[in-house]
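This one's a predicted model, so the numbers in the text were calculated from it and none came from an experiment.
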Amino acid sequence: MRWLTFILGVAILAGVASVVIVLRDGSSDPGAARAGQTLSAATESPSPSPAHSEFTDPCGTFDTAAATPYAVMGYWLIPTSDPCTWRRQLQAIHRLGGDTVVRLGFGLSPRQTDEDGQVLQPVDDKEPEKTPPPDKRYAVCVESGLSCMKAAEQELRTANPGNRISWTYVYRTDEQFGPGIFRCPQVERKIVVNGAVFYRLIAPEDGSDDPTCDFTTKGRAYHLILVSAGEQDSLSELLDLGDRFGIRVFPALPLAPRDPAESTRADPRHIGTLTTLTRRILQDYGNRFGDRQSLGGVYQPFELQLRDWPDPDKVQTLQVYAEQHRIVEQELPGKPILVSPYIDSRRRLKYTSTPAQVAAGFKALARTGVEIIAPQDGRGTGKVGLFWPNWKNKPVDDRLKPVVGESTYATAYYGGTRDYYREMSKARAQLAEEGVEVELWANVEAFEPSSTENCGRQGTRGRTDKPRLDTQVTLAGPYVSKVISYMWSDFFTCGSPSLSEEIAQDWDRPIPVEAQRRERQIQDGLEIRGYHLGDAKVTLSWPGLDTPRVVDSATVGWHDGTPIPGLPAGIETIWIPVDWATVPGDVWVRVEVTSADGRKSAEPVYYHNTG
């Protein structure tokens with residue numbers, strides 16, 4: 001999402017039907033067949049089950065029934081200071097069938113201090129030689145007439161004159177914490193000044209987070225972590241709502257400081273302090289929320305571009321990931337880590353990647369300890385296009401031209417969304433054979449590369465429309481186990497009607513995700529998977545066919561709504577008979593699906609008839 005400002009509940013249907021091995025996109029590669037059968041949500045804790053009723057609180061009356069369940073089941077949320085906003089958002093998300101929210105978080109920031117111990121604002125990259133002014137947020141943190149930094153340093157030196165604070169870090173959040181965040185309460189504490197809440201944490205400079213809390217034996221250098229917290233604990237409020245609506249919440253881990261020489265990389269020099277803060281926060285989560293179903297896991301917010309790194313062990317951001325993820329495994333066992341890297345497929349730029357290179361990067365990322373990888377599909381930024389292999393010589397969508405110019409898909413991109421998810425699905429299956437279990441989700445971007453209708457805090461980005469969102473679901477569909485989207489606020493809520501209102505009005509329009517040749521009993525035919533396919537009419541066409549063939553699946557076909565292991569909840573199957581002897585070889589068969597009331601899917605699927 002390239003740093004837009006950041007941010008569900010029927011339970012995932014469970015049950016196992018007989019496993020059908022499907023060859024993806026006409027491939028004869030057995031590995032590709034296995035790749036489509038992604039893991040069921042083994043690493044996910046089950047979503048809490050809402051009590052399908054109404055409840056009333058100071059924000060009003062809220063309904064916990066999911067009325068219009070859509071294919072997208074998870075959304076990012078921006079932190080908010082208004083608890084009623086959380087309630088309205090989670091109810092709306094739940095009504096669309098959402099069962100997951102990922103909340104954006106905040107970054108750990110190393111800061112300079114002045115001679116009075118006042119925390120200064122971040123250094124201006126444009127004027128790095130200029131001393132920044134004091135940061136007003138932390139200026140109010142005062143103890144016994146001293147700045148919180150000087151008060152901490154005074155206590156450390158009282159314990160041993162050789163003690164000193166070698167660096168100060170700040171961390172802003174809208175959460176509050178319990179006593180689990182403190183390791184050494186003799187020098188660590190919660191500080192409340194005129195309603196402003198701070199936490200003072202002290203960590204040895206070497207990153208050891210020494211459990212002995214021995215500040216007297218010898219003088220040492222320490223890092224001060226000054227946390228500016230919320231007046232109320234937003235995470236407690238979100239988890240309470242998650243229990244109400246059957247939604248799993250993924251709060252963000254502390255974001256790593258950025259490398260000043262290259263802002264897209266995490267700075268490994270701060271790993272010790274970052275892991276200390278991460279450990280403390282997760283210890284507190286474990287103490288207070290460890291048994292809550294609504295705590296679905298944690299979100300790794302530092303964005304990473306997937307590529308084929310020559311030596312992943314030397315990639316700074318992966319190094320930071322591995323250390324931070326190790327802390328999650330220790331402090332919140334059983335709670336998965338979700339990460340959402342991005343892909344750049346544009347040919348004209350350096351450091352962009354082919355589908356095979358992205359698949360290699362997927363493997364390297366999985367080995368840092370993440371359990372859920374939800375790659376951004378890239379359509380919102382224009383870094384990846386939505387197109388089928390037989391479309392590669394077509395002009396790009398007009399809405400992509402601000403990013404890639406006047407060009408064809410083949411000229412602009414190394415591959416389309418479907419190509420990338422297919423290759424990552426194969427990589428996921430190969431990792432499983434090595435004993436590395438990871439889920440592949442899709443993060444479909446709900447915005448356009450540029451727009452005259454900006455959405456709230458989203459800069460030049462404007463929200464997309466439901467047909468394009470349906471198309472994104474279609475093209476990612478058969479290779480992922482869940483579809484989520486960046487982001488609810490503000491892309492699903494701005495405009496009139498808003499995108500969420502468009503979905504609610506058209507939630508059950510068919511969305512096919514794949515078509516494959518398949519025999520049923522003694523007949524040959526075509527099997528189609530997707531959402532809301534019952535009683536659908538299927539139209540088949542290909543180049544050279546004068547009159548498209550229309551088949552009523554409700555009359556001559558077969559429908560199965562049984563959940564399919566490894567595919568998203570809500571995907572079902574229809575089958576229709578096809579006389580393949582009348583279909584030319586080596587053609588792409590266009591498969592359109594129309595509901596019983598006449599609504600056609602936004603995007604067809606294609607079957608490559610190779611023989």
Stepwise side chain to side chain contact (heavy atoms under 4.5 Å, CB included) check, Leu156 with Ile165: CA-CA 8 Å; Leu156 287 170; Ile165 292 177; 3.8 Å; yes
State whether [X] and [Y] are salt-bridged, where the test is any N-O pair (Lys NZ or Arg NE/NH1/NH2 against Asp/Glu carboxylate O) under 4.0 Å.
X      : Y      : result
Arg326 : Glu331 : no
Glu237 : Arg87  : no
Asp233 : Arg288 : yes
Glu155 : Arg189 : yes
Asp377 : Arg379 : no
Glu188 : Arg280 : yes

Judged by atom type as modelled, is there a donor-acceptor pair below 3.5 Å linking the side chain of [X] to the main-chain atoms of [Y]?
X      : Y      : result
Arg292 : Leu239 : yes
Glu445 : Gly380 : yes
Thr168 : Val119 : no
Arg157 : Asn163 : yes
Glu502 : Lys466 : yes
His325 : Thr368 : yes

Are side-chain heavy atoms of [X] and [Y] found at a separation under 4.5 Å?
X      : Y      : answer
Phe177 : Ile281 : yes
Pro341 : Leu365 : yes
Asp267 : Val320 : no
Phe106 : Leu255 : no
Tyr299 : Leu253 : no
Pro179 : Ile181 : no

Derivation of the side chain to side chain contact (heavy atoms under 4.5 Å, CB included) call for Met73 and Ile484: CA-CA 5 Å; Met73 298 186 68; Ile484 59 178; 5.6 Å; no
Using the test side chain to side chain contact (heavy atoms under 4.5 Å, CB included), find all partners of [X] that sit at least two apart in sequence or belong to another chain.
X      : answer
Ala71  : Val473, Ile511, Tyr531
Gln186 : Cys184, Cys213, Phe215
Val142 : none

Which residues share a salt bridge (Lys or Arg N to Asp or Glu O under 4.0 Å) with Asp291, sequence neighbours left out: none
Donor-acceptor pair between [X] and [Y] side chains, under 3.5 angstrom:
X      : Y      : answer
Gln324 : Thr278 : yes
Asp82  : Thr80  : no
Gln89  : Ser489 : yes
Gln118 : Ser147 : no
Trp441 : Glu439 : yes
Arg468 : Gln472 : yes
Tyr285 : Glu175 : yes
Ser340 : Asn443 : yes
Arg103 : Ser234 : yes
Gln316 : Asp259 : yes
Lys190 : Gln176 : yes
Asp210 : Ser208 : no
Ser228 : Arg137 : yes

Verdict with reasoning, Lys150 to Glu153, per salt bridge (Lys or Arg N to Asp or Glu O under 4.0 Å): CA-CA 5 Å; Lys150 284 295 185 182; Glu153 187 172 59; 3.6 Å; yes
Centroid-centroid distance, Tyr222 to Trp167, less than 6.0 Å: no
Stepwise side chain to side chain contact (heavy atoms under 4.5 Å, CB included) check, Val483 with Val444: CA-CA 7 Å; Val483 180; Val444 295; 3.9 Å; yes
Parallel, tilted or perpendicular: ring planes of Phe182 versus Tyr199, cut at 30 and 60 degrees: tilted
Face-on cation placement of Arg258 at Phe302 ring, 6.0 Å and 45° thresholds: yes
Steps toward salt bridge (Lys or Arg N to Asp or Glu O under 4.0 Å) verdict (Asp490, Arg463): CA-CA 8 Å; Asp490 298 293; Arg463 61 96 162 183; over 6 Å; no
Stepwise side chain to side chain donor-acceptor pair (under 3.5 Å) test for Ser498 and Thr493: CA-CA 5 Å; Ser498 66; Thr493 58; over 6 Å; no
Ring pair (Phe, Tyr, Trp, His ring centres under 6.0 Å) involving Tyr70 - partner list, sequence neighbours excluded: none
Residue among Phe492, Tyr486, Phe250, Phe491 satisfying ring-ring contact (aromatic ring centres under 6.0 Å, His included) with Tyr75: Phe492
Worked check of side chain to side chain contact (heavy atoms under 4.5 Å, CB included) between Asp344 and Val384: CA-CA 6 Å; Asp344 198 331; Val384 188; over 6 Å; no
When rounded to the nearest 0.5 angstrom, what is the spacing between [atom1] in [X] and [atom2] in [Y]?
X      : Y      : atom1 : atom2 : result
Ser144 : Gln154 : OG    : CD    : 8.0 Å
Glu262 : Thr317 : CD    : OG1   : 9.0 Å
Ile327 : Ile337 : CD1   : CD1   : 10.5 Å

Residue Glu231 excluded, over 12 heavy atoms near CD under 6.0 Å: no
Chi angles and distances behind the side chain to side chain donor-acceptor pair (under 3.5 Å) call for Glu205, Ser166: CA-CA 7 Å; Glu205 186 181 56; Ser166 59; 2.8 Å; yes
Where at least one partner belongs to residues 107-127, residue pairs that pass salt bridge (Lys or Arg N to Asp or Glu O under 4.0 Å), sequence neighbours excluded: Arg111-Asp135
